Amino acid sequence: MDYTGTQKPKMRLRNSSADGPDASQLFEDTSGVEPGSQTGYRNQQAAPQAGNFAGQALLSDPMSNLAMAYGSSLASQGREMVDKNLDRFIPISKLKYYFAVDTVYVGKKLGLLVFPYMHENWEVSYQQDTPVAPRFDVNAPDLYIPAMGFITYILVAGLALGTQNRFTPELLGVQASSAFVWLVMEVLAVLLSLYLVTVNTDLTTIDLLAFSGYKYVGMIVGLVAGLLFGRPGYYLSLLWCCAAIFVFMIRTLRLKLLSEAAAEGRLVRGARNQLRMYLTMSIAAAQPIFMYWLTYHLIR
């Protein structure tokens with residue numbers, strides 16, 4: 001028996017099993033495992049490029065550019081129209097002027113609101129046809145004192161309700177909302193009266209809001225006096241502040257509503273001037289009424 005002849009087939013069989021698929025293939029064949037993997041990756045790379053090409057085509061289209069320009073022009077025109085109509089009633093661009101105050105101005109203005117009898121010059125100063133800032137002229141209207149006065153009035157009202165064991169957040173909210181609604185109604189009534197009387201004046205809505213908000217100073221003084229000294233202190237201090245605000249409004253508004261001759265103190269006859277005088281008196285007389293109406297129920 002040939003020994004080598006019988007061993008060679010076994011060696012060939014062992015080599016054939018060892019040199020199978022692992023030996024013949026150096027890399028793993030993934031073409032049959034996930035057929036769509038390479039294609040999906042290529043599609044993902046191609047999708048952003050297609051989107052970029054579409055965006056560039058849209059931007060390069062003259063009709064798209066024309067539509068975008070037309071839309072932006074319509075938006076700017078609409079914004080200008082809204083700003084113009086809003087500025088007729090509430091000049092938002094001028095609000096910074098009404099808050100241009102300092103400590104000296106606030107002190108002088110508060111003294112003028114409480115004791116206006118010795119003040120002589122009530123005219124607002126101008127510089128190149130523009131009124132100077134309130135911090136340079138005590139006669140100029142501002143919104144700082146009315147805003148702070150309104151907030152302080154609400155806080156003092158809450159304190160007064162708390163001393164009487166009647167404080168609730170709902171009641172304080174009703175107090176604040178009612179005071180705000182009365183203020184808005186007062187300003188709207190004055191605007192309507194000026195329109196009906198056909199008064200040519202430079203008073204704006206913010207000016208009327210400022211003048212109407214000055215009464216909160218007297219209301220605070222009355223409430224604090226009532227908390228400290230009871231009803232007698234409340235009535236005495238409120239009476240003083242009502243007289244002071246009446247004089248303040250008369251001397252301030254007559255320069256705005258009456259004619260120049262009437263503002264200088266000369267007697268002017270005429271139906272229109274009489275209506276202006278009655279309107280000035282009515283606005284001034286309404287301040288003490290609101291002061292008492294918004295404070296009498298807070299003192300017991």
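Please read all numbers here as calculations on a predicted model, not as lab measurements.
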Distance col, row Leu188:CG vs Ser193:OG, nearest 0.5 angstrom, shows 10.5 Å
Distance col, row Ile245:CD1 vs Ile250:CD1, nearest 0.5 angstrom, shows 11.0 Å
Where do Glu123 and Asp137 come nearest, in terms of heavy atoms and distance?
-> O-OD2, 4.0 Å
Contact summary for Tyr234 and Ser237, nearest pair of heavy atoms | O-OG, 3.1 Å
Would you check if the distance from the ring center of Tyr216 to the ring center of Tyr214 is below 6.0 Å?
-> no
Within-4.5 Å side-chain heavy-atom neighbours: Val106 and Asp142 | no
Report the relative orientation of the aromatic rings in Tyr117 and Phe115; use parallel for angles under 30°, tilted for 30 to 60°, perpendicular for over 60°.
-> perpendicular
Residues, nucleotides or ligands: over 12 heavy atoms within 6.0 Å of Phe229 CZ | no
Atom CG in Leu196, atom CG in Leu191: separation rounded to 0.5 Å?
-> 11.0 Å
Under a 4.5 Å cut-off applied to non-hydrogen side-chain atoms, are Trp122 and Phe248 in contact?
-> yes
Does Ile206 reach the side chain of Tyr97, with side-chain heavy atoms less than 4.5 Å apart?
-> no
Asp207 side chain near Tyr98 side chain, heavy-atom distance below 4.5 Å = yes
Lys215 bridged to Glu186 by N-O distance under 4.0 Å = yes
Can you find a pair of side-chain heavy atoms, one from Ile220 and one from Val224, that are under 4.5 Å apart?
-> yes
Say whether, by atom type as modelled, one donor and one acceptor occur between the side chain of Trp182 and the main chain of Ser177 under 3.5 angstrom.
-> no
Check: Met249 main-chain N/O paired with Thr252 side-chain donor or acceptor under 3.5 Å | no
Mark yes when over 12 heavy atoms from residues, nucleotides or ligands other than Tyr195 sit less than 6.0 Å from its OH; otherwise mark no.
-> no
So with a 6.0 Å cut-off around CE of Met277, is the heavy-atom count from everything else above 12?
-> yes
Using modelled atom types only, decide if a donor and an acceptor are shared between the side chain of Arg231 and the backbone of Arg300 within a distance under 3.5 Å.
-> no
Rounded to the nearest 0.5 Å, what's the gap from CD on Gln175 to CD1 on Ile154? Could you check?
-> 6.0 Å
Ser212 side chain reached by Phe290 side chain, heavy atoms, under 4.5 Å | no
Looking only at heavy atoms, what is the nearest atom pair of Ala244 and Pro116, with distance?
-> O-CG, 3.3 Å
Measure the shortest side-chain to side-chain distance between Val124 and Leu255 over non-hydrogen atoms and say whether it is less than 4.5 angstrom.
-> no
For the atom pair OH (Tyr153) and CE (Met291), what is the distance rounded to the nearest 0.5 Å?
-> 11.0 Å
Is there a side-chain contact between Leu209 and Thr204 (heavy atoms, below 4.5 Å)?
-> no
What closest approach, in Å, do Asn121 and Asn139 show between heavy atoms, and which atom pair accounts for it?
-> O-ND2, 2.9 Å
Any idea which heavy atoms bring Val138 and Lys108 closest together, and the distance?
-> CG2-CB, 3.8 Å
For Leu294 and His297, which heavy atoms make the closest approach, and how far apart are they?
-> O-CE1, 3.5 Å
From Gln127 CD over to Phe136 CZ, what is the distance, rounded to the nearest 0.5 angstrom?
-> 9.0 Å
Please find out if less than 6.0 Å separates the ring center of Phe99 from that of Tyr144.
-> no
Residues which pass side-chain hydrogen bond (donor to acceptor under 3.5 Å, both in side chains) with Asn165, listed by chain and number, not counting sequence neighbours | none
